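Worksheet: the structure to be examined is printed underneath.
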Protein chains: 2
Amino acid sequence: MPPMDEAAIHAILSRVILSRRLPGRTKLGEVRLAELFGVSRERIRKVLHRLGHERLIDVVKNRGAFTVAPDLSEIHVVFEARRILEGGIAAHLAERLTDAGMLRLREHVEREAEALRSGDRATWLKLSAEFHVLLAELTENPIIVQQARELVGRTTMLATFFESSSGSQCGCDEHRAVFRALAAGERGRAVRAMSSHLAQVETRLKPFACTDAGPDLDSLIGEYAAELGGEVSVG
Amino acid sequence: MPPMDEAAIHAILSRVILSRRLPGRTKLGEVRLAELFGVSRERIRKVLHRLGHERLIDVVKNRGAFTVAPDLSEIHVVFEARRILEGGIAAHLAERLTDAGMLRLREHVEREAEALRSGDRATWLKLSAEFHVLLAELTENPIIVQQARELVGRTTMLATFFESSSGSQCGCDEHRAVFRALAAGERGRAVRAMSSHLAQVETRLKPFACTDAGPDLDSLIGEYAAELGGEVSVG
DNA sequence: GATACGGCAATTGTGCACAATTTGCGCCGA
DNA sequence: TCGGCGCAAATTGTGCACAATTGCCGTATC
């Protein structure tokens, strides 16, 4: 079998970590991961440091890498950061949205509605996240796009696993409200719509976010590796 | 002499790069830097990859690290990103600023005015940058603080070298205007004040931002190393 | 004269072996 | 019995040597 490349390992570990399904402060030992993926320790080390820099794990000098505790306060921090950043994005776009941009937004919201109608939950979740990234892209500012992508990424996985399906109906309407305010060029209303939408998503998430004991690292890696088409030797 | 640690090398190279005084696409060879700093190639490599992840340099696989071209469009992108992010911060703070926070802001603005009066240009520049970081800190959100710090850092050095001294008077008034709007709790005015302030800073910078041929890498490293108190063997 | 091919030098990527640090456990003493 | 000390095992950090890739230059051919 061909040795796995760095990008693939990073993708798998990202998913595993973002899924929040393994307990907080789980140690990610270099040798163990190296054996699991069938690669050398140095390759794992590089990925681990990269993940550490992306704040997905906590890397302590001379002690190794650990998952961060999935505590409620962090969820709140992430969502508050999103309210601030995406509030700024909404305010910016309200005064600068082009016709082409408006069209892209409208089409996106309609696709969301379609996915929701047809009961395609997976597609709808993906589109819901992409709505926020799309807004960032409409600013045509690569820095903002990257920051937004990072924050959205940190919440997407949470939604995938924890959002109650009962609340699904709301999301689409909330996106539509943001879109309408932007299309009307009403800055204040757009910011408020975005802010309250994010607050509601956070509320829907909270009751489900406490998972202490989950499956172990080995099986999780196997699971996500299969999902991404990679081969992993799980003993 | 004791070997330099990774943090120190990173600090020096950050300053060198952020100073924008070396031409775009300058190659940062691993062996050359290793000899300059008197450390092994692996240590340099690690710092280089970190800088690459921080987007301060461009790291291409199998080809090495290069400085990014200091073109005007990037300056515009950074400032636009700041207008979006810090606009969001201002909007957030306008409705949530505590008395303690207001006091800290007031004191900071007064210190800026004092530095400006006494003609202490270096202190004033430092305080000017810190005003924006302080605003981010008042949100008490670590993610926002980090993002703001990163963007402010990318503009601070530019200001240090390129801002015309004639325009100095304005900055303090503009900060005061932001502070007043926040203290009054007027969200719209705060956002506008922040946005126009950043736009003016950008305007003041632009005419000075085009430096094609500058000093070479060796002397720059020596210069900044001396500034930080480190020892470097410059042949 | 221009272009395409091939070999060479330089530079980066990778795996390995060793050094340094941490930590858990056991032992001794109070 | 409890606290401190010290050693040993495990784990991470570092430097070195080698492999792989890239870009360049010389040459040959059309």
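Numbered from 1 within each chain, the chains take letters A, B, ... in sequence-line order. Source: prediction; values computed, not measured.
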Notebook entry, point to check: Quick one: are Thr26(B) and Phe66(B) in side-chain contact, heavy atoms under 4.5 Å?
Noted result: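 With C-beta onward as the side chain, the pair stays apart.
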Note to self: Any heavy-atom pair between the side chains of Val59(B) and Leu51(B) that's under 4.5 Å?
What the structure shows: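 In short, these two side chains do not touch, never coming nearer than 4.5 Å.
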Notebook entry, point to check: Should Lys27(B) be listed as having a side-chain N or O under 4.0 Å from OP1 or OP2 of dT22(D)?
Noted result: no
Note to self: Is Arg45(A) close enough to dT12(D) that one of its side-chain N or O atoms is under 4.0 Å from OP1 or OP2 there?
What the structure shows: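 So the side chain of Arg45(A) is outside the cut-off, no N or O lying under 4.0 Å from OP1 or OP2 of dT12(D).
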Notebook entry, point to check: Looking at dT11(C), dT12(D), dT14(D), which one has an atom nearest to any side-chain atom of Glu30(A)?
Noted result: dT12(D)
Notebook entry, point to check: For the ring pair His108(A) and His175(A), is the centre-to-centre distance below 6.0 Å?
Noted result: no
Checklist line | Proximity of His49(B) and His53(A) rings by center, below 6.0 Å | finding: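 No, the ring of His49(B) stays outside the 6.0 Å limit from the ring of His53(A), centre to centre.
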[X] [atom1] - [N] [atom2] separation (whole Å):
| X | N | atom1 | atom2 | result |
| --- | --- | --- | --- | --- |
| Leu48(A) | dG13(D) | CG | P | 9 Å |
| Glu6(B) | dG15(D) | CD | P | 11 Å |
| Asp5(A) | dG13(C) | CG | C1' | 14 Å |
| Arg25(A) | dT23(C) | CZ | P | 12 Å |
| His49(A) | dT11(D) | NE2 | C1' | 13 Å |
| Arg32(A) | dA10(D) | CZ | P | 16 Å |
| Leu28(A) | dT11(D) | CG | C1' | 14 Å |
| Glu35(B) | dG15(D) | CD | C1' | 15 Å |

Item checked: Between OG1 on residue Thr123(A) and CD on residue Glu130(A), distance to nearest 0.5 Å -> 10.0 Å
Next item on the list: Give the intermediate values and the outcome of salt bridge (charged side-chain N to carboxylate O under 4.0 Å, His left out) for residues Asp58(B) and Arg25(B).
Entry: CA-CA 9 Å; Asp58(B) 194 17; Arg25(B) 311 300 307 168; 3.4 Å; yes
Next item on the list: Please report the C-alpha distance between His10(B) and Glu54(B) in whole Å, then the side-chain angles of each, then the deciding distance to 0.1 Å, and finally whether the side-chain hydrogen bond (donor to acceptor under 3.5 Å, both in side chains) criterion is met.
Entry: CA-CA 11 Å; His10(B) 179 269; Glu54(B) 291 166 0; 3.0 Å; yes
Item checked: Neighbour count above 12 (heavy atom, 6.0 Å) for Glu140(B) CD -> no
Extract from the structure each pairing of a protein N or O with an N or O of nucleotides 16-22 of chain C at less than 3.5 Å, listing the distance.
unit_1: dC16(C); atom_1: N4; unit_2: Glu42(A); atom_2: OE2; d: 2.8

What protein N or O atoms touch nucleotides 7-10 of chain C N or O atoms at under 3.5 angstrom, if any, and at what distances?
none

Note to self: Under a 3.5 Å distance rule, please check whether Thr67(B) uses its side chain to pair with a backbone N or O of Pro23(B) as donor and acceptor.
What the structure shows: yes
